[in-house]
Amino acid sequence: MTYYSTNRRTPEVTLEEAVIKGLAADRGLFMPSVIKPLPQAFYNTIETLSFQEIACRVAGAFFGEDIPKETLDRLVCDTLSFDTPLVKVTDHIYALELFHGPTLAFKDVGARFMARLLGYFIRKEGKRQVHVLVATSGDTGSAVANGFLGVEGIHVHVLYPKGKVSEIQEKQFTTLGQNITALEVEGTFDDCQALVKAAFMDKQLNARLALTSANSINVARFLPQAFYYFHGYAQWKKTAGGMNGGTDAAPVVCVPSGNFGNITAGLFARRMGLPVKRFIAANNRNDVFYQYLQTGVYTPRPSVATIANAMDVGDPSNFARVLDLYQGSHAAIAAEISGATYTDDRIADTIRRVWSARHYLLDPHGACGYRALEEGLRQGEQGIFLETAHPAKFKDTVEHIIGGEVTVPAKLQAFMQGRKQTVPMPKTFEAFKEYLMTL
Ligand SMILES: *Cc1c(COP(=O)(O)O)cnc(C)c1O
């Protein structure tokens, strides 16, 4: 399978090139040249299959031409070391819980898959050690570091701003050891990002080291996110769909969105034939996409800070992929995706209400998704929202909202007990380069 750039100003590339480069040479995002539908027989019996079995079928449609089946199946099974259960919250609303992975957020799926795929390419080509550079303001660093932990042939260097990430986040990438090094930068997140960018541009460094990024726009992080849409549907079909035989044959799917990678993977799943009635993209106050749906005009703007901070994005990078899927047609996009936008007050109100009425504890991101279904479902419809992170990841915020304690899962507590190990780093490129040159 070849991959083209959304800007269409460079030749198509192989999967391997798309994964190693991340971004196309013309700065566009890679798209698979074909989206293969899965046969009706698969959908007829999907509820009898395990998550791994479903994901292997989906992975085969994406990557089957480029990776031997046995290898691909093993990559998928290694990635999915945890489940994504569907939980009933009301008669019409279900939560697809994506927070049962190592760092308790959905980004674990994409990060774990990308690490394993990159590891496979390195072994296959007999490549020397590859160095992954990642700048983080918190959550990306933990998902990438944990996803790549222990993968042979790859060393990850996480750059983060000293004193500017929460203790829980910091512990998730500074206590791991092995092939993960955390660099504690005397500066801001922007400084960290600038250092990484400068390293990718530096001729001397690139001649000496194989450098790559684990950016969320990478196809190897983005496409595997389709897996759990199929698994969510399978579980829905087994319970809600089956029992309700008479109601609508497909659920509405609602995705709390920031960079729009997660929802775009859902749009791919639908193109492959997955029964989804329509999508809702739930935004916080950073609602550039919502405004686009209303007006037909896309106007990026600087992000503002909210309590659903992983969705604080002012210019969603995957918007280019959404446009490409619908050939730039606003009408076609608006026919399949509707939007919603919530202030911090509404998010907090939703968390409080659902906790007291249903005893289901939402995190601030999932709360946007739940609320958009509550307000957006029509008569006879059922909805699934993606619960993208565990509420304990936002412990202080959520405890303040519900006025009670949030239990921290053992997995998160284990990180807290680890010993922080970092390399102190000034924010100058000279210092960072010197560090890299000694590797
Ligand atoms: C990254 C993230 C999102 C946003 O996902 P996108 O793919 O960027 O739209 C939502 N919720 C949580 C918890 C996240 O970490």
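Sequence positions, counted from 1, serve as the residue numbers for this chain. Atoms within each ligand, like the ligands themselves, are counted from 1 in listed order.
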Q: Starting from the C-alpha separation in whole Å, work towards a yes-or-no answer on salt bridge (charged side-chain N to carboxylate O under 4.0 Å, His left out) for Asp191 and Lys162.
A: CA-CA 11 Å; Asp191 293 323; Lys162 180 177 171 149; over 6 Å; no
Q: Could you give me the CA-CA distance, side-chain angles and deciding distance for Arg321 and Asn318, then say whether side-chain hydrogen bond (donor to acceptor under 3.5 Å, both in side chains) is met?
A: CA-CA 5 Å; Arg321 285 191 168 120; Asn318 287 287; 2.7 Å; yes
Q: Go through the steps to decide whether Tyr3 and Glu17 satisfy the test side chain to side chain contact (heavy atoms under 4.5 Å, CB included), and finish with yes or no.
A: CA-CA 9 Å; Tyr3 289 79; Glu17 263 184 274; over 6 Å; no
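Counting only distance, with no hydrogens or angles, the side chain of Lys237 and the backbone of Tyr43 share a donor-acceptor pair below 3.5 Å.
Near ligand 1, residues Phe106, Lys107, Pro256, Ser257, Gly258, Asn259, Phe260, Gly261, Asn262, Ala310, Met311, His365, Thr388, Ala389 each place a heavy atom inside the 4.0 Å sphere around the ligand atoms.
Thr350 meets the side chain to side chain contact (heavy atoms under 4.5 Å, CB included) test with Arg353, Val354, Leu362, Ala367, Tyr370, Arg371; sequence neighbours excluded.
Between the side chains of Asp26 and Ser5, a donor-acceptor pair is found at a separation under 3.5 Å.
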